[in-house]
Amino acid sequence: MKLPSSSATDLNKTNIEHMVSMKDFSVKEMDNMMELMSYLKEARKDNAVPQLFKGKSVGMIFEAGSTRTRVSFEVAATLLGGHALFLSPKDIHLGGKESIDDTSRVLSRMCDIIMARTNSPETLDGLIRMSTVPVINGLDTRFHPTQMLADLFTVKEHITDGRTLSDLTLAFMGDATDVCRSLMLTCAKYGMGFKQIGPKKYQMEQEWIDLAETYCKESGGHIEITDDVERISDCDVVYGDSFYWVTQMDEKAERLAAFMPDYVITEELMAKAKPGAMLLHCLPANDKEEVTRGALESEYSVAFDEAENRLTAQMAILVYFSHKNTQAASEATRIAHEEKITGFLAGL
Ligand code: CP
């Protein structure tokens with residue numbers, strides 16, 4: 001016999017929106033998230049962030065290290081009146097004593113949002129499979145959607161001459177990383193130009209280029225994958241990322257030999273891009289490898305504005321996804337519960 005659930009949460013939700021990749025969102029939806037970012041950033045400047053995540057919690061699973069993603073989600077939850085829980089595999093049972101399915105079921109009965117940085121897409125997909133609350137991908141080796149919001153927002157903030165995103169071409173220097181893949185798909189949706197400039201061995205997989213090309217057919221964007229650094233000449237945005245990830249340390253020497261010196265972002269390379277081109281980097285940066293300190297500290301570098309906008313993005317993500325998923329109780333309902341409980345306590 002199956003007993004009825006006594007859950008206080010709605011376990012029958014079928015239309016939960018998760019955030020796996022920006023490819024799952026329309027331009028309108030991405031624009032909405034960025035407009036929300038702009039309001040929340042203004043509110044933060046005025047020390048007046050509305051308490052739109054009050055009483056709510058985001059459970060944050062980190063299978064890999066992080067500075068920006070972790071700190072930005074924690075601070076965003078605090079600013080919005082809520083709480084963030086840092087859950088590393090060392091501290092919880094995930095993947096050891098407890099399956100991904102069961103971890104997801106338990107977290108979704110207690111938290112309002114689950115955010116996960118995983119070492120494999122399977123872990124993220126497993127969390128989503130059993131979750132009854134939105135799951136946000138904080139990087140899963142395929143995609144880095146929360147980074148995308150910060151990146152596009154930062155670019156928009158720094159365009160001061162009336163151009164829009166679709167007027168711009170972005171050059172990603174180096175490896176076909178999760179950030180590169182995410183940028184290619186997002187730029188294609190926005191009708192932007194996108195180039196990956198890197199050695200042939202480390203260029204983007206064809207299936208993702210094909211998907212980006214289908215977006216370009218609708219949006220007017222264009223994609224170019226090349227090993228020719230001179231192709232940077234018509235690019236408005238130059239983007240850097242590490243030449244290897246923590247799981248690729250055994251390939252480090254081979255990778256550095258392939259990428260350096262040709263694909264390193266130097267001041268000389270920036271001078272080859274379009275006049276006024278800006279430099280973004282998702283950070284962490286290694287200024288002895290993929291980017292020089294000189295380039296990173298130049299007036300065209302917006303990498304640290306971009307890092308700060310991770311916080312702007314996470315505030316918007318917590319508000320956007322919790323708003324879509326939970327119905328706020330009316331004041332009358334809240335008062336009715338409070339009176340019942342305080343009446344009970346008074347009678348003890
Ligand atoms: N860019 C980025 O995701 O930074 P962290 O790895 O520090 O979170």
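Order of listing sets the numbers, starting from 1, for every ligand and every atom in it. Keep in mind that this is a model prediction, so the values were computed, not measured.
Shown here is Arg142, whose CZ atom has more than 12 heavy atoms of other residues, nucleotides or ligands within 6.0 Å.
Between the side chains of Arg109 and Thr132, no donor-acceptor pair is found at a separation under 3.5 Å. Looking only at atom types and distance, the side chain of Gln147 has no donor-acceptor partner in the side chain of Asp178 under 3.5 Å away.
Protein heavy atom at the shortest distance from atom 7 (O) of ligand 1 is Thr67 N, 2.7 Å. Atom 4 (O) of ligand 1 has its closest protein heavy atom at Arg68 NE, 2.9 Å.
For Phe143, the ring-ring contact (aromatic ring centres under 6.0 Å, His included) partners two or more places apart in sequence, or in a different chain, are Trp208.
The option with the heavy atom closest to atom 6 (O) of ligand 1, from among Arg70, His144, Arg117, is Arg117.
Residue contacts with ligand 1 include Leu283, since one of its heavy atoms falls under 4.0 Å from the ligand.
When all heavy atoms are compared, the tightest approach of Met192 to Leu165 is CG-O, 2.9 Å.
Against a heavy-atom cut-off of under 4.0 Å, Arg310 is close to the following atoms of ligand 1: 1 (N), 2 (C), 3 (O), 4 (O).
Of the polar atoms of Cys282, at least one N or O is found under 3.5 Å from an N or O of ligand 1, judged by distance alone.
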